[in-house]
Structures are given as structure tokens and as C-alpha cells.
Amino acid sequence: IKLLQLSNIELAEFINTALLDNPFLQEKIEVSNKNTTVYQNNTFENNKNIDNQSKLSTKEHFTGLENTFDTHLSMDLNKENKKLFEKETVISGNSTSAGEIIEKTLENRISLREYLINQINIDFKESDKKSIAISLIDYLHPSGWFITPISEVAKDLSINETIIIETLKKLKKLEPIGIFSKNLSECLRTQLIDKNIYNESYNLLLDNLQLLPLGKFKQVCKICCVKEDILFKMLGVIKTLTPKPAEKFLNEKTQLDQPDIIVKKSDKGWRIDLNGSTLPTVNLDENYINEMDNLNLDQKSTNFASEKIGEARWLKKAVEQRNKTIIRVTAEIVKKQVGFFKHGFTHMKPMILKDISDAIGMHESTVSRVTNSKLILTEWG
């Protein structure tokens, strides 16, 4: 489950650590097409270079998934792997668990969602209002603004618009200052009020921000009833504000030039690939594993070899399962946002975790882990 949270680059770091400690893991640079699927007319098609199954329905394609990350990986593993999974031991000779190593890789980052929920749990006492407030987080734009029409949100959540408006009033008081603002002007206005420097001149300035890129400073001065030197001082203050409150919660280490997933238009539909240039593979040294059977080892060495072999097989299976799960979630995202992939941002539809989890039969928390810290390269960026 924790492997799902790692980006390709973070996963590579984790596997590199495992390679140093397991003699049965083999380092091999290999760009594989196994992590590819094509979405078209509700089907997922495996790359023909991999096998001869040209067309599989969604159900058929995923019948091969013996388990998902919503179930314990150990359910269908052999005794050797099950024993290892229960121990979660990755490094022989110490008590560090696999979970602990991955947690260190994640560096305990807190997301904007977690940050807001922590505040909501304090500020909202009634459970029903708290639930609505948390639901509204899913409608936040990546900037931190709340730009979705209230009527649409009320329809989605099946609640009165008045309740949405009242909840938003309270949410706008949370940190980071400016969160849940409906636009740039409101976001900046909230921050100026918080700094106790807001006045009528700033109010007029924020109402006419569209004139600034045009260089109409004299016109703005006249509107705001201030001299030009005062206007530039005001603009200097504006520049110190945060136009996108959610921006600081974006993962600084995420490399924008290294997407985890690539979605392209193909002759058969939408092709979905995990980025082979950053995606690590787990390869087992089967020759070395076979040699173990022919060696006359003492009990201690036999136990060590058995543990390491099981560990290697578990890691390989876990990474493969992670990749399949990411592809599965991405395919559903493409299906629901096909307008965006065809025409761009103006055709993007509101979408929350539940939309995806319901469609593919996974828990929302699993979908959240899959999408956390992941980047999809599209024709629009």
C-alpha cells in the first residue's frame, strides 16, 4: 500500500537501497512495454509486443490481478513470501521494516488536504458540517481557489446551496490565508485584510487588476485616487502576497520534466504508459537462486537465503501490482476526462476521488495514494 505513494523516482531510490542488501536482486536497465495500456470504447488493450491478446474488456484485463492493494498482498503468496511479508523485513540483520524505509523516503510530507482537515477537525464541531467541509476540499483548484460553481457542488453533494455558502465562509478563514477564495482578487484581498493594511485604495486596485498588464497605470491611479509613486508602493505590497495559497504544498522534489505517466493519442484510442525512463524494474537473479538448491549450506545460511529469495520475490510482485494499479486508476481518469485530453483545460470536468473509486471498485484512500505525488504528461502539459 505504501509503495503506491511513491513516484517513479522515489521508487527507484527505494529499489536501489534494496539492491545493496539483497544478493538475489539483479540490477538491469530495461525499458519495458508491460506497463502500457490503451483505452478505447471501455476496453483496455495490452501492447501487442507483449502478448497476443489484442482486445480485452475491462473485466477480463483485470481478472489476472490476483489481488489489489485494497487486500493484503500475502493472501495468495506462497508460505515463504507470506512469512516475509508479515515480518516486513527488507534489510537482513536489523529490525528496520519495509514500511519504515518507505516512510523515510516519503519524508513524512503533509499534504494540503491533511493540513486543512486538521483545522476542520478543530473548527467544525458538528459531524455533518465537518463532513461537508472536508468534501469541499476535493473541489479546490490546484491554486487553492474554489472556482467550481456552487450550484454544481450542491447538486453533486445533494445539499442546499445555502449550506455550501455558509461552509465556505468558515473555510475561507483557514490557513493558508486566501484558501477557498473564488478568484485572484478575493485571495489577495483576504491576505491584505489579514495584514491589517486593506483600505479603499486597495479595494479599487484589486477590482481593476486587469488594467495592470496593459500598462494603464495612470488610469489605475485615477481610479484608486492615488499618485503614481503610491500606486507602485501598493503594487510592491501586492507582490509580497501569495496569489496561489496551495502552491507551497506542491511537492518541491517532484521533477516536472519527469512525469510518472504518459498519455498520448493513438490510432486505437488513448495510450497510457508508465514512464519507462524513470520507472525502475525489479529483476531476480534466477541462476543464482537455482544454484542455492545445489549448495550444501548450513541451517543459518539456508534460512538467510530463503528469506532473501522470498524478499526479492515479494518486492517484484509488489512493484508489479503497484504499476498495474496506477495504470488502472489512470485509465479511469482518462475515461472520465476524455474531453480534457482531446480539447484542453476548458473541457475539464469536476472530479473527486469517489468518482474514480466507485468506478473501479477501490477504496478512496487507495485512489488517493495512487494519485499522490504523481504527474501525467498530456498534450496540454
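Because the structure is a prediction, the values reported are computed rather than measured. Just so you know, these numbers use all the heavy atoms, side chains as well, and skip hydrogens, waters and symmetry mates. Here, residue 1 is the first one in the sequence, and each next residue gets the next number.
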*asked:* With a 3.5 Å distance limit and no angle check, can you tell me whether S158 reaches the backbone of A154 through a side-chain donor-acceptor pair?
replied: no
N275 side chain vs I261 backbone, donor-acceptor pair below 3.5 Å: no
Please determine whether residues V153 and I159 belong to a single hydrophobic cluster, defined as Ile, Leu, Val, Met, Phe, Trp and Tyr linked transitively by side-chain heavy-atom distances below 4.5 Å. yes
Under 3.5 Å donor-acceptor, K374 side chain and N372 backbone
yes
Taken in chain and number order and not counting sequence neighbours, the residues that satisfy ring-ring contact (aromatic ring centres under 6.0 Å, His included) with F217 are F232
Note: P350 and E152 closest approach over all heavy atoms is CG-OE1, 3.5 Å
Check the side chains of Y115 and E175 for a donor-acceptor pair under 3.5 angstrom, ignoring hydrogens and angles. yes
Problem - Single-linkage hydrophobic cluster L174~W145, side-chain heavy atoms < 4.5 angstrom - result: no
Quiz item: With a 4.5 Å limit on heavy-atom distance, are the side chains of I262 and I376 in contact?
Solution: no
Sorted by chain and number, sequence neighbours left out, side-chain contact (heavy atoms from CB on, under 4.5 Å) with S151 holds for P149, E161
State plainly whether the residues R113 and D138 are in salt-bridge range, i.e. N to O under 4.0 Å. yes
By salt bridge (Lys or Arg N to Asp or Glu O under 4.0 Å), E364 pairs with (sequence neighbours left out) none
From CA spacing to verdict: side-chain contact (heavy atoms from CB on, under 4.5 Å), L315, F14:
CA-CA 11 Å; L315 182 59; F14 174 68; 3.7 Å; yes
| task | Say whether, by atom type as modelled, one donor and one acceptor occur between the side chain of K316 and the main chain of V282 under 3.5 angstrom. | result | yes
One should read off an interatomic distance between C224 SG and M234 CE, to the nearest 0.5 angstrom, of 5.0 Å
Value for NZ (K173) from CG (D194), rounded to nearest 0.5 Å, stands at 12.5 Å
* To do: Assess whether side-chain contact (heavy atoms from CB on, under 4.5 Å) is satisfied between Y202 and V237, documenting all intermediate values.
  => CA-CA 10 Å; Y202 275 114; V237 172; 3.4 Å; yes
**Asked** Under 3.5 Å, is there a donor-acceptor pair between the side chain of R322 and the main chain of L6?
**Response** yes
On a heavy-atom basis, the closest approach of P259 and T278 is O-OG1, 3.9 Å
T148 and Y139 have their tightest heavy-atom pair at OG1-O, 3.6 Å
Contacts of K129 meeting side-chain contact (heavy atoms from CB on, under 4.5 Å) (sequence neighbours excluded), chain-then-number -> F124, E126
Checklist entry - Any Lys/Arg nitrogen of R271 or D273 sitting under 4.0 Å from an Asp/Glu carboxylate oxygen of the other? => result yes
Is the backbone N or O of I326 less than 3.5 Å from a side-chain atom of T330, with the two atoms forming a donor-acceptor pair by type?
yes
Fill in: Check: Q191 side chain, T242 main-chain N or O, donor-acceptor pair, under 3.5 Å
yes
Task: Any side-chain heavy-atom pair of S181 and K172 under 4.5 Å - done: no
Is there a path of hydrophobic side-chain contacts, each under 4.5 Å between heavy atoms, that joins F340 and V329?
yes
To the nearest 0.5 Å, atom OG1 of T378 lies from atom CD of Q337 at 11.0 Å
Q.
Strictly distance-based, threshold 3.5 Å: is any side-chain N or O of N16 a donor or acceptor partner for the main-chain N or O of A12?
A. yes
Point to revise | Residue pair L279 / N323, side-chain heavy-atom distance below 4.5 Å | key: yes
Review point. Does any non-hydrogen side-chain atom of L140 lie less than 4.5 Å from one of L116?
Key: yes
**Q.** Working for salt bridge (charged side-chain N to carboxylate O under 4.0 Å, His left out), residues K336 and E332
**A.** CA-CA 6 Å; K336 291 191 179 301; E332 189 60 34; 3.6 Å; yes
So the side chain to side chain donor-acceptor pair (under 3.5 Å) pairs with at least one residue in residues 204-224 (sequence neighbours excluded) are R189-D207
**Request:** Report yes or no: do I120 and L157 belong to one cluster of Ile/Leu/Val/Met/Phe/Trp/Tyr joined by side chain heavy-atom distances under 4.5 Å?
**Result:** yes
- prompt: Taking the six-membered ring of W270 as reference, does the NZ or CZ atom of K265 fall below 6.0 Å from its centre and within a 45° cone about the axis?
  reply: yes
Main-chain N/O of I117 paired to N121 side chain as donor or acceptor, under 3.5 Å: yes
In short, P142 meets A246 closest at the heavy-atom pair O-CB, 3.3 Å
Heavy atoms of P243 and C187 approach each other most closely as O-SG, 3.5 Å
Self-check item: Validation row: I15, V319 side chains within 4.5 angstrom (heavy atoms)
Solution: yes
Please report the C-alpha distance between K317 and E320 in whole Å, then the side-chain angles of each, then the deciding distance to 0.1 Å, and finally whether the salt bridge (charged side-chain N to carboxylate O under 4.0 Å, His left out) criterion is met.
CA-CA 5 Å; K317 185 178 182 68; E320 289 173 351; over 6 Å; no
Looking at side-chain heavy atoms only, is the closest gap between L168 and I165 below 4.5 Å? no
Note: F341 and V334 closest approach over all heavy atoms is CE1-CA, 3.7 Å
Verdict with reasoning, M362 to T325, per side-chain contact (heavy atoms from CB on, under 4.5 Å): CA-CA 10 Å; M362 283 186 176; T325 307; 3.5 Å; yes
Problem set entry | Salt-bridge contact E166-K169 (side-chain N to carboxylate O under 4.0 Å) | yes
For residues 344-356, the side chain to side chain donor-acceptor pair (under 3.5 Å) pairs (sequence neighbours left out) are K354-D358
Note to self: Assigning hydrophobic clusters by single linkage (Ile, Leu, Val, Met, Phe, Trp, Tyr; side-chain heavy-atom cutoff under 4.5 Å), is L231 placed with I223?
What the structure shows: yes
Has the side chain of K308 got a donor or acceptor atom that lies under 3.5 Å from a matching backbone atom of D21? yes
Report the C-alpha separation of I163 and I132 in whole Å, then their side-chain angles, then the decisive distance to 0.1 Å, and conclude whether the side-chain contact (heavy atoms from CB on, under 4.5 Å) test is met. CA-CA 9 Å; I163 297 176; I132 293 171; 3.7 Å; yes
Do L171 and I179 come close enough that some side-chain heavy atom pair is under 4.5 Å? no
Open item on the list: Is there a side-chain contact between N183 and I147 in this structure, where contact means two heavy atoms from C-beta onward sitting under 4.5 Å apart?
Closed with: no
So CG of L205 and SG of C221: to nearest 0.5 Å the spacing works out to 9.5 Å
